[in-house]
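Since the structure is predicted, the reported quantities are computational estimates derived from the model, not experimental observations.
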Amino acid sequence: HKPGFSFPFNAGTGTNVVDSIGNLKGILVSGTPSWNTNSPNGQANDYSLWFNGSKKLVVPDPKQIIGTNGLNDDYTLQCWVKVAVNYAPTERAILFQYERKPGFALSINTDRTLHTTAFKIQDISTSAALPNDGLWHHIAVVHTDGQNMKFYIDGSLSQTVTYTGGAGYRTDSRIVMGSDFDGNNPFTGFLDRVKFDNHILTPEQFDYPVGASPDLRVAPVDAFAVWQALYGISDSDADDDGDGQSNLAEYLAHTNPTN
């Protein structure tokens, strides 16, 4: 599996929406969202997608390159979102979801609070609310397998919810943005820098603040390379300290591989 997906939405024109990690591709046609110059950093040649409440973007994953890391069900979801002042959808609004394993959805509830779903396992509501200011905000959900879901707004921890059910699962392998595949739970607003990583990211590794391009931020593969250099690790499958855990397992568990 690839370590995640990332949609920076930087093209601004054309019909292709491309994942910068695994090269998954969605096509903008009638019934899909549209490019917009309204973006988190407000700079020229930076774009977002506008969803009007009746459009969605579907990105197929026919080879099922998205998945868990092979050792646990940790993952991180994040994106930038902008909604109108007093935004109050009549039903929970889905920002993006993936339908294979790990099956998840990241949503905004009717009172602007963050919500996530582990498909076929549990819906998880929070009291972590988007500021009612009509501005861009970064949101993230970090799932620690067997422990909890942590919800962040603009890089700050807003709420921790105990959750031990693991990753969700459905049979269809596709990413859907702006609603579910059937058009239910539609979203109205701007969406940018949609990312999934199949392990835990710290707030320092989030795509926040807005400064750098998301493609220039530390991605899981690069973070692992830095970690290898720090501890002098050359073989991810080896067990340098002889504790029964591979070096990769130590990295994912955030433990020292040399003692």
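- If you look at Phe196 and Tyr98, their ring centroids are not closer than 6.0 Å.
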| field | side chain to side chain contact (heavy atoms under 4.5 Å, CB included) evaluation trace for Gln97 with Leu106 | value | CA-CA 6 Å; Gln97 65 179 41; Leu106 177 57; over 6 Å; no
| message | Tyr75 vs Phe104, test: ring pair (Phe, Tyr, Trp, His ring centres under 6.0 Å). Steps then yes/no. | response | CA-CA 10 Å; Tyr75 60 78; Phe104 59 76; 5.7 Å; yes
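- A donor and an acceptor atom, one from each side chain of Thr113 and Asp111, are located under 3.5 Å apart.
- For the pair Arg112 and Tyr87, the cation-pi test (distance below 6.0 Å, angle within 45°) is failed.
- Side-chain atoms of Asp19 come within 3.5 Å of backbone N or O of Ser6 as a donor-acceptor pair.
- Looking only at distances, a side-chain donor or acceptor of Asp61 sits under 3.5 Å from a matching main-chain atom of Ile66.
- Here the closest non-hydrogen pair linking Lys82 and Gly134 is CE-O, 2.9 Å.
- Of the listed residues (Ile21, Val18, Asp192, Val59), just one forms a side chain to side chain contact (heavy atoms under 4.5 Å, CB included) with Phe7, and that residue is Val59.
- Counting heavy atoms from C-beta on, the side chains of Thr110 and Arg92 never come closer than 4.5 Å.
- Separating the CG atom in Asp207 from the CG atom in Leu201 is a distance of 10.5 Å, to the nearest 0.5 Å.
- Between Val142 and Tyr152, the shortest heavy-atom distance links the atoms CG2-CE1, 3.8 Å.
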| request: Could you please spell out the steps behind the salt bridge (Lys or Arg N to Asp or Glu O under 4.0 Å) verdict for Arg170 and Asp172? | output: CA-CA 6 Å; Arg170 282 182 175 173; Asp172 295 305; over 6 Å; no
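- Note that SG of Cys79 and NZ of Lys195 are 11.5 Å apart. Values are rounded to the nearest 0.5 Å.
- Nearest heavy-atom pair, Asn247 versus Asp235, reported as atom, atom and distance to 0.1 Å: ND2-O, 2.8 Å.
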| For Glu99 and Val176, what are the C-alpha separation, side-chain angles and deciding distance, and is it a side chain to side chain contact (heavy atoms under 4.5 Å, CB included)? | CA-CA 8 Å; Glu99 298 191 356; Val176 185; 4.1 Å; yes
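- Thr144 places no side-chain N or O within 3.5 Å of a backbone atom of Gln147 that could act as its donor or acceptor partner.
- Closest of all the heavy-atom pairs between Ala118 and Gly166 is CB-O, 4.1 Å.
- Across every non-hydrogen atom of Ser179 and Asn184, the tightest pair is CB-O, 3.2 Å.
- Among all heavy-atom pairs drawn from Thr76 and His199, the shortest one is OG1-O, 2.9 Å.
- Side chain of Gln205 to main chain of Thr202: a donor-acceptor pair is present (N/O by atom type, distance under 3.5 Å, no hydrogens or angles).
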| query | Is there a side chain to side chain contact (heavy atoms under 4.5 Å, CB included) between Ile139 and Val81 once you walk through the steps? | reply | CA-CA 8 Å; Ile139 60 177; Val81 62; 4.1 Å; yes
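- Residues Asp154 and His137 have side chains that bring a donor and an acceptor to within less than 3.5 angstrom of each other.
- The distance from the CD atom of Glu91 to the OG atom of Ser107 is 10.5 Å, given to the nearest 0.5 Å.
- Checked by atom type and distance alone, the side chain of Asp240 never pairs as donor or acceptor with a backbone atom of Thr258 at under 3.5 Å.
- Criterion: ILVMFWY side-chain heavy atoms under 4.5 Å apart, direct or through other members. Under it, Phe119 and Val58 are not part of a common hydrophobic cluster.
- Residues Phe9 and Arg193 are not in side-chain contact: their nearest non-hydrogen atoms beyond the backbone lie 4.5 Å or more apart.
- Tyr163 and Leu114 fall within a single hydrophobic cluster, where Ile, Leu, Val, Met, Phe, Trp and Tyr side chains are chained together by heavy-atom contacts under 4.5 Å.
- Here the side chains of Phe51 and Thr188 are not in contact, with every heavy-atom distance at 4.5 Å or above.
- The closest donor-acceptor contact from the side chain of Thr126 to the backbone of Ala128 lies under 3.5 Å.
- Counting only N and O atoms by type, the side chains of Thr117 and Asp123 include a donor and acceptor under 3.5 Å apart.
- Once rounded to the nearest 0.5 Å, the distance linking CG of Asp180 with CZ of Phe187 reads 15.0 Å.
- When side chains are defined from C-beta on, Ile27 counts as touching Asn16, because their heavy atoms get closer than 4.5 Å.
- Looking at heavy atoms from C-beta onward, Asp133 lies out of side-chain contact with Val85 at the 4.5 angstrom threshold.
- The main-chain N or O of Phe181 is found under 3.5 Å from a side-chain atom of Lys56 such that the two form a donor-acceptor pair.
- Not one N or O on the side chain of Trp35 forms a donor-acceptor pair closer than 3.5 Å with the backbone of Ala11.
- In terms of hydrophobic clustering, with Ile, Leu, Val, Met, Phe, Trp and Tyr side chains grouped at heavy-atom distances under 4.5 Å, Val17 and Val194 are assigned to a common cluster.
- Ile124 and Tyr169 end up in different hydrophobic clusters when Ile, Leu, Val, Met, Phe, Trp and Tyr side chains are linked at under 4.5 Å.
- Counting only heavy atoms from C-beta outward, the side chains of Trp50 and Pro33 never approach each other to under 4.5 Å.
- Side-chain contact check for Asp74 and Asn69: no donor-acceptor pair (N or O, by modelled atom type) lies under 3.5 Å.
- Remark: side-chain polar atoms of Ser48 are paired, donor with acceptor, to backbone N or O of Asn38 under 3.5 angstrom.
- Neither Leu191 nor Ile94 shares a network with the other; the hydrophobic side chains, linked directly or stepwise wherever heavy atoms of I, L, V, M, F, W or Y lie under 4.5 Å apart, form separate groups for each.
- Within the 4.5 Å cutoff, side-chain heavy atoms of Pro131 are placed close to those of Ile153.
- Of the possible polar contacts, none joining the Trp80 side chain to the Phe190 backbone as a donor-acceptor pair under 3.5 Å is found.
- Once rounded to the nearest 0.5 Å, the distance linking CG of Leu71 with OG of Ser246 reads 6.0 Å.
- Between His115 and Ile108, the closest side-chain pair of non-hydrogen atoms is not below 4.5 Å.
- Atoms CG and CG, from Asp182 and Asn185 in turn, are 10.5 Å apart once rounded to the nearest 0.5 Å.
- Enclosure of atom NZ in Lys2 is not indicated, since only 12 or fewer non-hydrogen atoms of other residues, nucleotides or ligands lie within 6.0 angstrom.
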| said: Test side chain to side chain contact (heavy atoms under 4.5 Å, CB included) on Asn148 and Val161; report intermediate values, then the result. | reply: CA-CA 6 Å; Asn148 56 48; Val161 179; over 6 Å; no
